[in-house]
Protein chains: 2
Amino acid sequence: MLPPTPPRYPARDATTVDRLMRAAAQAFAEKGFHATTTRDIASGAGLSPAGVYVHFGSKEELLFNLSRSGHQSALQMLRAAVEGLEAPTERLAAAMQQFSAWHAEQHQLAKVVQYEHQHLTPEHRAEVLGLRKDIDALVRQVLESGVAEGAFDVEDIGDTALALLSMAVDVARWYSPTIKRTPRQIGATNAALALRLVGARPTPA
Amino acid sequence: MLPPTPPRYPARDATTVDRLMRAAAQAFAEKGFHATTTRDIASGAGLSPAGVYVHFGSKEELLFNLSRSGHQSALQMLRAAVEGLEAPTERLAAAMQQFSAWHAEQHQLAKVVQYEHQHLTPEHRAEVLGLRKDIDALVRQVLESGVAEGAFDVEDIGDTALALLSMAVDVARWYSPTIKRTPRQIGATNAALALRLVGARPTPA
DNA sequence: CGGGTAACTAAGCGCTTGCTTAGTGTTGCC
DNA sequence: GGCAACACTAAGCAAGCGCTTAGTTACCCG
């Protein structure tokens with residue numbers, strides 16, 4: 001009774017779904033969810049207005065898929081960044097570097113992730129807020145272990161974690177591909193600033 | 001030929017205009033400009049849908065008035081905060097404290113200011129972007145004088161100013177009146193973190 | 001070659017949107 | 001008292017919205 005193809009509704013035809021996701025990310029990032037029409041998305045993906053609904057049940061479902069996969073990739077990237085690193089300063093620097101650079105490199109997706117989740121249904125919003133908590137917890141944990149080892153001098157871990165996240169997240173608000181600094185440079189700057197914030201010394205030359 | 005009343009189209013009846021501005025600020029902050037209908041604003045101000053157009057020519061004009069007056073009040077507040085202060089650490093701490101607290105206390109207006117200006121007409125956007133540049137310039141100037149006096153140790157003034165602004169502006173994104181910290185406490189935290197960022201010592205006890 | 005399936009489109013439906021129009025009640029001035 | 005000026009409403013219009021329906025094309029597997 002098993003079908004010869006694996007369950008197909010997670011859309012095998014990656015290219016059209018991919019074009020839709022890209023077109024939606026660009027439009028949502030530039031104009032916001034409500035100012036974007038399904039016709040914008042369809043034409044951005046080279047489809048007729050009805051073509052969207054072959055792959056997504058609604059405009060909100062498209063936003064949800066974007067928001068969830070964006071949150072997941074940010075979280076995975078953060079985990080990969082600190083994996084294998086022992087020293088708290090290295091872990092913090094790597095996390096801040098990668099997270100900031102991600103918000104620049106993926107600035108369209110990042111804008112959707114940071115500023116459009118309010119337009120999700122309550123159930124969908126709850127799901128992505130869970131992923132956000134994981135990201136917050138990871139940053140807090142990096143700070144906590146640094147404080148425990150005496151590598152960081154921090155007044156309040158929650159406040160400091162929030163400030164660090166602000167610096168990185170806000171990149172999505174002001175970044176534009178036309179500026180001089182590259183995502184990598186932005187990451188390096190924010191990593192250095194983060195080490196100052198937590199009272200660590202930058203790795204000596 | 002001068003009329004007995006001064007030019008009247010800047011709306012003398014402050015109370016209805018004020019109710020409209022408040023209702024619009026709340027709706028724009030909570031749902032965004034495009035998701036807000038003129039009927040939302042009208043009913044929020046206790047008017048019929050047509051009543052809005054007695055005082056504002058369009059929904060965008062309402063947004064513009066909000067955005068401009070919000071930018072102006074933020075800028076004025078920043079100027080007042082540093083006025084009369086000589087020591088760079090005091091000036092930076094005062095600016096950061098007040099600017100961060102403003103984004104909490106006025107979080108609805110601040111959200112409109114920071115996240116909705118993309119929906120202004122090009123002319124109106126250009127006008128508020130001018131005010132934003134003034135705010136950026138003020139922060140930079142505080143950093144520059146601190147560096148010149150040897151009070152701050154900063155690698156790059158532009159990057160550091162941007163990080164400081166990120167910390168303050170991002171308050172509007174995460175602040176909610178239900179959290180434990182008061183706007184004043186948030187301001188104090190961010191002021192202390194700012195002094196760390198610029199390599200200054202917090203004022204000794 | 002025939003038949004089922006999945007991707008896609010042309011057309012359009014019902015609804016909501018920003019905004020207008022025509023009219024009403026109130027106020028203040030001569 | 002007369003009347004213009006004003007703030008406001010009831011009703012509604014044209015346009016645009018998200019999404020559906022009915023039908024066409026392309027392709028895969030026997």
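Protein chains get the first letters and strands the later ones, always in sequence-line order, with residue 1 at the start of each.
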(request) Scan side-chain atoms only and decide if A:E116 and A:H119 contain a donor-acceptor pair under the 3.5 Å cut-off. (result) yes

(request) Choose from C:dC19, D:dC19, D:dA7 the nucleotide whose nearest atom is closest to any side-chain atom of A:T38. (result) D:dC19

(request) Decide whether a cation-pi geometry holds between B:K111 and B:F28; the criteria are a distance under 6.0 Å from NZ or CZ to the six-membered ring centre and an angle within 45° of the ring axis. (result) no

(message) Taking only side-chain N and O atoms of B:T16, does any of them lie within less than 4.0 angstrom of OP1 or OP2 on D:dC8?
(response) yes

(request) Please list, chain by chain and in numerical order, all residues satisfying side chain to side chain contact (heavy atoms under 4.5 Å, CB included) with A:V142, sequence neighbours excluded. (result) A:V82, A:R91, A:L92, A:L138

(request) Using whole Å, report how far CG of B:D40 lies from P of C:dG18. (result) 8 Å

(request) Measure the distance from CZ on A:R19 to P on C:dA7 and round it to the nearest whole Å. (result) 13 Å

(request) Whole angstrom is fine here: how far is it from CG in B:L62 over to C1' in C:dC19? (result) 13 Å

(message) Rounded to whole Å, how long is the line connecting atom NE2 of A:H119 with atom C1' of D:dG18?
(response) 15 Å

(message) Under 4.0 Å, heavy atom to any atom of DNA chain D: which of residues 22-35 of chain B qualify?
(response) none

(request) Over 60° means perpendicular and under 30° means parallel, so classify the ring planes of A:F64 and A:H124, tilted if in between. (result) parallel

Just the atom pairs and distances: protein N or O near nucleotides 11-15 of chain D's N or O, under 3.5 Å.
unit_1 : atom_1 : unit_2 : atom_2 : d
D:dG12 : O6     : B:R39  : NH2    : 3.4

(message) Between B:D136 and B:R132, does any side-chain N to carboxylate O distance fall below 4.0 Å?
(response) no

(request) Starting at atom NZ of B:K59, determine the distance to atom C1' of D:dG16, rounded to an integer number of angstrom. (result) 13 Å

(message) Distance check needed: C:dG12 P versus A:Y53 OH, whole Å only.
(response) 19 Å

(message) Quick test of your reading of the model: are A:D153 and B:R196 salt-bridged, counting only N-O distances below 4.0 Å?
(response) yes

(message) Checking side-chain polar atoms at under 3.5 Å, does A:H103 have a donor or acceptor matched by the opposite partner on A:Q114?
(response) yes

(request) Using atom CD of B:E61 as one end and atom P of C:dT20 as the other, report the distance to the nearest whole Å. (result) 11 Å

(request) Measure the distance from CG on A:L20 to C1' on C:dA7 and round it to the nearest whole Å. (result) 12 Å

(request) Using a strict 4.0 Å threshold on nitrogen-to-oxygen distance, state whether B:D170 and A:R173 make a salt bridge. (result) no

(message) Please tell me whether A:D18 and A:T15 have a donor and an acceptor in their side chains that are separated by less than 3.5 angstrom.
(response) no

(request) Tell me which of A:T37 and A:G57 sits closer to the 5' end of DNA chain D, going by the nucleotide each one is nearest to. (result) A:T37

(message) Starting the side chain at C-beta, find the nucleotide from D:dA7, C:dC19, C:dA7 nearest to B:H55.
(response) D:dA7

